[in-house]
Asks: 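Structure provided below as structure tokens; questions to follow.
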Amino acid sequence: MWPTFAFILAASAILLHLWWSACYRGVRKEKLQREQEIARLEEQGKRTAAHGEAQQQALFNSMIEGVLLVDADGRIQLANQALDRLMGSTHEIRGKTIIEAFRLHQLSELIEQVVSRGQVLDFDLELHGTNARSLQVNAAAITDNEGRIDGVILVFHDRSRLKQLEATRKEFVANVSHELRTPLSIIKGYVETLIDGAKDDPTVSGRFLKTILKHTDRLNYLIEDLLTISELESGRSVLNLEQVDVKAVTVQVLEDLQSRADEKQMLLKNDVPIGTVVTADADRLQQVLFNLLDNSIKYGRVGGHAQVSARLLEDKKIEICVRDDGPGIPSEALARVFERFYRVDGARSRKEGGTGLGLSIVKHIVQAHGGEIWAKSDLGQGASFHFTLLPRQS
Ligand code: ADP
């Protein structure tokens with residue numbers, strides 16, 4: 001009886017052990033699988049989050065506007081590349097406060113206002129110093145699911161160029177008004193004097209009428225130059241490109257200016273080599289040479305000379321040069337003479353009938369041809385104007 005009982009007991013124990021081991025292995029396997037699944041999901045979640053964050057960052061970085069995200073504690077959570085560029089930040093600003101990152105109290109106050117009022121605010125921000133800019137900032141509060149303010153998003157628009165254009169436009173209008181007013185008031189003065197009786201005095205009336213004519217001409221030149229500038233700047237003028245013989249165009253311009261040169265006993269020379277051909281709009285090239293030579297005569301010395309020459313450059317472009325032996329241009333004014341209404345000697349220019357727009361027109365035309373223009377001068381030794389044009393196209 002005992003051996004049988006002991007045998008049954010041992011067998012049961014073995015079976016129980018086997019069953020338990022099987023169950024335990026099953027449970028362990030299940031646990032392991034669950035753990036693996038959790039790890040996989042966590043990994044996938046991390047990857048998705050990282051991917052989402054990278055996508056968000058790429059999106060922000062592709063924007064022209066600067067974007068800044070600040071959390072409820074006023075610490076920067078995100079800043080895109082445009083913002084770093086606009087603010088000139090070179091270090092990591094994430095985690096810092098606005099004051100720590102930019103030292104801009106106005107910006108910090110704007111954020112506080114957005115948080116307290118919970119509404120969108122616009123603000124003009126002027127940056128000074130080396131990174132001077134005019135920025136427009138739009139700020140809006142970000143809320144969580146329960147409507148609590150969670151942070152602030154700020155979008156920065158760079159208005160510097162617009163402001164600069166606006167300033168240039170205002171300056172231009174002021175200059176034009178001034179240029180128009182001067183000859184008009186002179187004309188008005190002489191007309192009034194004539195009406196008041198000078199018309200009956202033949203010794204002065206002729207002189208007065210000549211002066212009126214001179215200032216009317218000045219107004220005319222000014223309006224013509226303004227129209228040319230406006231046409232060139234609007235991009236409306238189309239270049240009629242053709243193969244142009246530079247020597248032949250120079251002959252024409254020298255002929256047109258000969259009587260003016262004679263008045264100053266100036267010698268005009270055409271040193272352009274025969275066969276110099278450029279790809280250009282012939283009328284525009286003529287206008288460039290006319291303006292440059294006209295200046296050589298206006299500002300050159302009595303009895304002096306002016307000369308046009310040309311040479312082939314290494315890069316196959318043609319450099320054309322107009323040179324005189326007059327008083328020249330001070331070095332600090334060399335780059336500025338191409339600006340609208342810039343004159344080295346205003347009184348002299350006006351006396352000569354100058355509008356202050358001649359070189360600006362010349363620069364526009366040369367640049368429209370894809371060329372460059374520059375001036376050189378040794379004070380007292382004369383001035384030379386150089387510009388490049390494309391050669392003959394085969
Ligand atoms: P303006 O109508 O006054 O001549 P420009 O634009 O043609 O206007 O020239 C700008 C200024 O550059 C002139 O007022 C003059 O002071 C200077 N300038 C131009 N050409 C010469 C030159 N050949 N020699 C000396 N000064 C010159």
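Along the sequence shown, residues are numbered consecutively beginning with 1. In listed order, ligands and their atoms are each counted from 1. As a basis for the values below, the full set of heavy atoms in this structure was taken, side chains included, without hydrogen atoms, waters or symmetry mates. Treat the numbers as computed from the prediction; the structure is a model and nothing was measured.
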Asks: Ignoring hydrogens and geometry beyond distance, is a side-chain donor-acceptor pair present between Asp122 and Asn138 at under 3.5 Å?
Replies: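 The criterion, which ignores hydrogens and geometry beyond distance, is satisfied for Asn138 and Asp122.
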
Asks: Of all the non-hydrogen atoms in the protein, which one sits nearest to atom 3 (O) of ligand 1, and at what distance?
Replies: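 The answer is Ser349 OG, 2.6 Å.
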
Asks: Do Lys363 and Glu233 meet the salt-bridge criterion of a basic N to acidic O distance under 4.0 Å?
Replies: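 Salt bridge: no.
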
Asks: Is Gly326 near ligand 1, meaning one of its heavy atoms is under 4.0 Å from it?
Replies: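 No; Gly326 lies far enough from ligand 1 that no heavy-atom distance drops under 4.0 Å.
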
Asks: By the definition side chain to side chain contact (heavy atoms under 4.5 Å, CB included), identify the one residue from Val272, Val277, Leu312 that meets it with Ile318.
Replies: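 Output: one option passes, namely Leu312.
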
Asks: So, does Ser160 use its side chain to make a donor-acceptor pair with the main chain of Ser134 at under 3.5 Å?
Replies: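 Yes; at least one donor-acceptor contact below 3.5 Å.
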
Asks: Any N or O of Val344 that comes nearer than 3.5 Å to an N or O of ligand 1?
Replies: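 Yes; the residue has a nitrogen or oxygen that sits under 3.5 Å from a nitrogen or oxygen of the ligand.
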
Asks: State plainly whether the residues Arg336 and Glu339 are in salt-bridge range, i.e. N to O under 4.0 Å.
Replies: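 So Arg336 pairs with Glu339 through a salt bridge.
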
Asks: Which atom names give the shortest non-hydrogen contact between Val366 and Thr388, and what distance separates them?
Replies: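 Reported closest heavy-atom pair: CG1-O, 4.0 Å.
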
Asks: Tell me the nearest of Asp225, Ile361, Val337 to atom 12 (O) of ligand 1, using heavy-atom distances.
Replies: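 Heavy atom nearest to atom 12 (O) of ligand 1 belongs to Val337.
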
Asks: Does Phe338 have a heavy atom less than 4.0 Å from any atom of ligand 1?
Replies: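 It does not; every heavy atom stays at 4.0 Å or beyond.
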
Asks: Would one find an N or O of Asp324, backbone or side chain, under 3.5 Å from an N or O of ligand 1?
Replies: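 Such a contact does occur with ligand 1.
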
Asks: For ligand 1, which atoms sit closer than 4.0 Å to a heavy atom of Gly356?
Replies: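 Numbered from 1, ligand 1 contributes 1 (P), 2 (O), 3 (O), 6 (O), 8 (O).
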
Asks: Suppose we measure from atom 26 (N) of ligand 1 to each protein heavy atom; which comes out shortest, and what is that distance?
Replies: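 Going by distance alone, atom 26 (N) of ligand 1 is nearest to Ile329 CG1, 3.4 Å.
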
Asks: Salt bridge check: are Glu126 and Arg133 linked by an N-O gap of less than 4.0 Å?
Replies: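 The answer is no: the pair does not qualify as a salt bridge.
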
Asks: How are the rings of Trp374 and His386 set relative to one another: parallel (under 30°), tilted (30 to 60°) or perpendicular (over 60°)?
Replies: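 Parallel: the ring planes of Trp374 and His386 meet at under 30°.
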
Asks: How far is atom 9 (O) of ligand 1 from its nearest protein heavy atom, and which residue and atom is that?
Replies: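 Looking at atom 9 (O) of ligand 1, the protein heavy atom closest to it is Leu359 CD1, 3.5 Å.
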
Asks: I need the atoms of ligand 1 closer than 4.0 Å to a non-hydrogen atom of Gly328, numbered in the order shown.
Replies: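 What qualifies from ligand 1 is 25 (C).
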
Asks: Is the Lys NZ or Arg CZ of Arg340 less than 6.0 Å from the centre of Phe172's six-membered ring, within 45° of the axis?
Replies: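 That pair qualifies as a cation-pi contact.
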
Asks: Tell me, which protein residue and heavy-atom name are nearest atom 19 (C) of ligand 1, and how many Å apart are they?
Replies: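 Here the nearest protein heavy atom works out to Asn295 ND2, 3.5 Å.
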
Asks: Check each atom of ligand 1 against the heavy atoms of Phe385 and keep those under 4.0 Å away; list them by number with element.
Replies: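 The list of qualifying atoms is 20 (N), 23 (N).
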
Asks: At less than 4.0 angstrom from any non-hydrogen atom of Lys298, what atoms of ligand 1 do you find?
Replies: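 That gives atoms 1 (P), 2 (O), 4 (O) of ligand 1.
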
Asks: Consider only side-chain N and O atoms of Asp124 and Gln136, and report whether a donor and an acceptor are under 3.5 Å apart.
Replies: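 Gln136 and Asp124 do not have a side-chain donor-acceptor pair below 3.5 Å.
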
Asks: Which residue and non-hydrogen atom of the protein lie closest to atom 21 (C) of ligand 1, and at what distance in Å?
Replies: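 Atom 21 (C) of ligand 1 sits closest to the protein heavy atom Tyr299 CD1, 3.6 Å.
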
Asks: Is there any N or O on Tyr342 that sits under 3.5 Å from an N or O of ligand 1?
Replies: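 There is no such contact.
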
